[in-house]
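Here's the structure we're looking at; comments come further down.
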Amino acid sequence: MSMHVNSVRLRELRLARQWSQEQLATLSGLNLRTIQRLESGARISQESLRALCAVFEVPAESLLASEPGPSEPALRAIRAGVMRGLDFTGVTPRGEFWWFVLAVVMFLGLAQILAEYVGALPLQLAGIVVLLPWIAACTRRLRDAGLSPWWQLISLAPVGGILVLLYLLTYPTRTVGLDEAAKSGS
């Protein structure tokens, strides 16, 4: 079984003793390359963990990275959606897309609240700001589902168009046919 090492803690312990990575490797009986990988956040085996705990005289828990909290994947997905705001290439997995949708809805909700106090301008600006990132995210999500991004145009149909698009965006990732879709540029 392997776990993730707390690379910051490992580096702090080494530097507190004024050891080089080479010295730590020698003292622990581990390879220098292993120490370098561990300090960059690689997984650690039970044997390596025991060796480092013995050298530093610390419990194993103090060298292990804590498990990510339940909000970390959501924040990571929202950040990825924002950072890829104008990127129409590639795919976006279903979970990551819906976290981004939640962030867009919250942003527009905040703009709506502001609009009630200062007029329609905040909501209009928020709509303009999220338009292209929304289209890009939908493009990537439809491609991930194995569908053509042109399906977004169905949202222009009165009444049920947006519902059909939302339904299509819930499709699971489709691995078969992604290569053909990427080649055709759809």
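Nothing fancy with the numbering, it's 1 onward along the sequence.
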**Report entry** Contact summary for A51 and S28, nearest pair of heavy atoms
**Finding:** CB-O, 3.5 Å
Query raised in the report: What about Y167 and W151, are their ring centers closer than 6.0 Å?
Result: no
Query raised in the report: Hey, does the side chain of R140 reach the backbone of D87 with a donor-acceptor pair shorter than 3.5 angstrom?
Result: yes
Query - L108 side chain reached by Q112 side chain, heavy atoms, under 4.5 Å - result: no
Query raised in the report: Does L142 reach the side chain of L168, with side-chain heavy atoms less than 4.5 Å apart?
Result: yes
Query raised in the report: Under a single-linkage definition using a 4.5 Å side-chain heavy-atom cutoff for Ile, Leu, Val, Met, Phe, Trp and Tyr, are L38 and V8 assigned to the same hydrophobic cluster?
Result: no
**Report entry** side-chain contact (heavy atoms from CB on, under 4.5 Å) between L165 and L153, worked out
**Finding:** CA-CA 8 Å; L165 177 61; L153 294 176; over 6 Å; no
Query raised in the report: Can D144 and T92 be counted as having a side-chain donor-acceptor contact under 3.5 angstrom?
Result: no
Requested in this report: Report yes if some heavy atom in the side chain of L49 is under 4.5 Å from a heavy atom in the side chain of S45; otherwise report no.
Outcome: no
Report task. Compare all side-chain heavy atoms of P133 with those of V82 and state whether any distance is below 4.5 angstrom. Result -> no
Report task. Run the numbers on R9 and V58 for side-chain contact (heavy atoms from CB on, under 4.5 Å), then give the verdict. Result -> CA-CA 11 Å; R9 173 84 171 128; V58 295; 4.2 Å; yes
Query raised in the report: Side chains of V118 and P122: does their closest heavy-atom pair fall under 4.5 Å?
Result: yes
**Report entry** Minimum side-chain heavy-atom gap Q18-Q23 below 4.5 Å
**Finding:** no
Query - Contact summary for C138 and Q152, nearest pair of heavy atoms - result: CB-OE1, 3.2 Å
Query raised in the report: Is L166 reachable from L147 through a run of I, L, V, M, F, W or Y residues, each pair having side-chain heavy atoms under 4.5 Å apart?
Result: yes
**Report entry** Those residues that, when tested against W98, pass ring pair (Phe, Tyr, Trp, His ring centres under 6.0 Å) (two or more places apart)
**Finding:** none
**Report entry** Min side-chain heavy-atom separation I162-I154 under 4.5 Å
**Finding:** no
Report task. Assign the ring pair F56 / W19 to parallel, tilted or perpendicular, where the plane angle (0 to 90°) is split at 30° and 60°. Result -> parallel
Query raised in the report: Applying the 4.5 Å side-chain criterion to the ILVMFWY set and letting contacts propagate, would L125 and M106 be lumped into a single cluster?
Result: no
**Report entry** Verdict with supporting geometry, R14 and E39, side-chain contact (heavy atoms from CB on, under 4.5 Å)
**Finding:** CA-CA 10 Å; R14 178 178 61 78; E39 284 195 3; 2.5 Å; yes
Query - Expected output: side-chain T34 to main-chain L30 donor-acceptor under 3.5 Å - result: no
Query raised in the report: Do V5 and L64 come within less than 4.5 Å of each other through their side chains, counting heavy atoms only?
Result: no
Query raised in the report: Side-chain heavy atoms under 4.5 angstrom apart, residues restricted to Ile, Leu, Val, Met, Phe, Trp, Tyr: same cluster for V101 and V164?
Result: yes
Requested in this report: Look up atom SG in C53 and atom CD in Q46, then write down how far apart they are to the nearest 0.5 Å.
Outcome: 9.5 Å
Requested in this report: Locate the shortest heavy-atom distance separating A136 from R84; write the atom from each residue and the value.
Outcome: CB-O, 4.5 Å
Requested in this report: Verify the cluster assignment for L13 and I44: are they in a single hydrophobic cluster under the rule of side-chain heavy atoms below 4.5 Å apart?
Outcome: yes
Query - Closest heavy-atom pair and its distance - F88, L132 - result: CZ-O, 4.1 Å
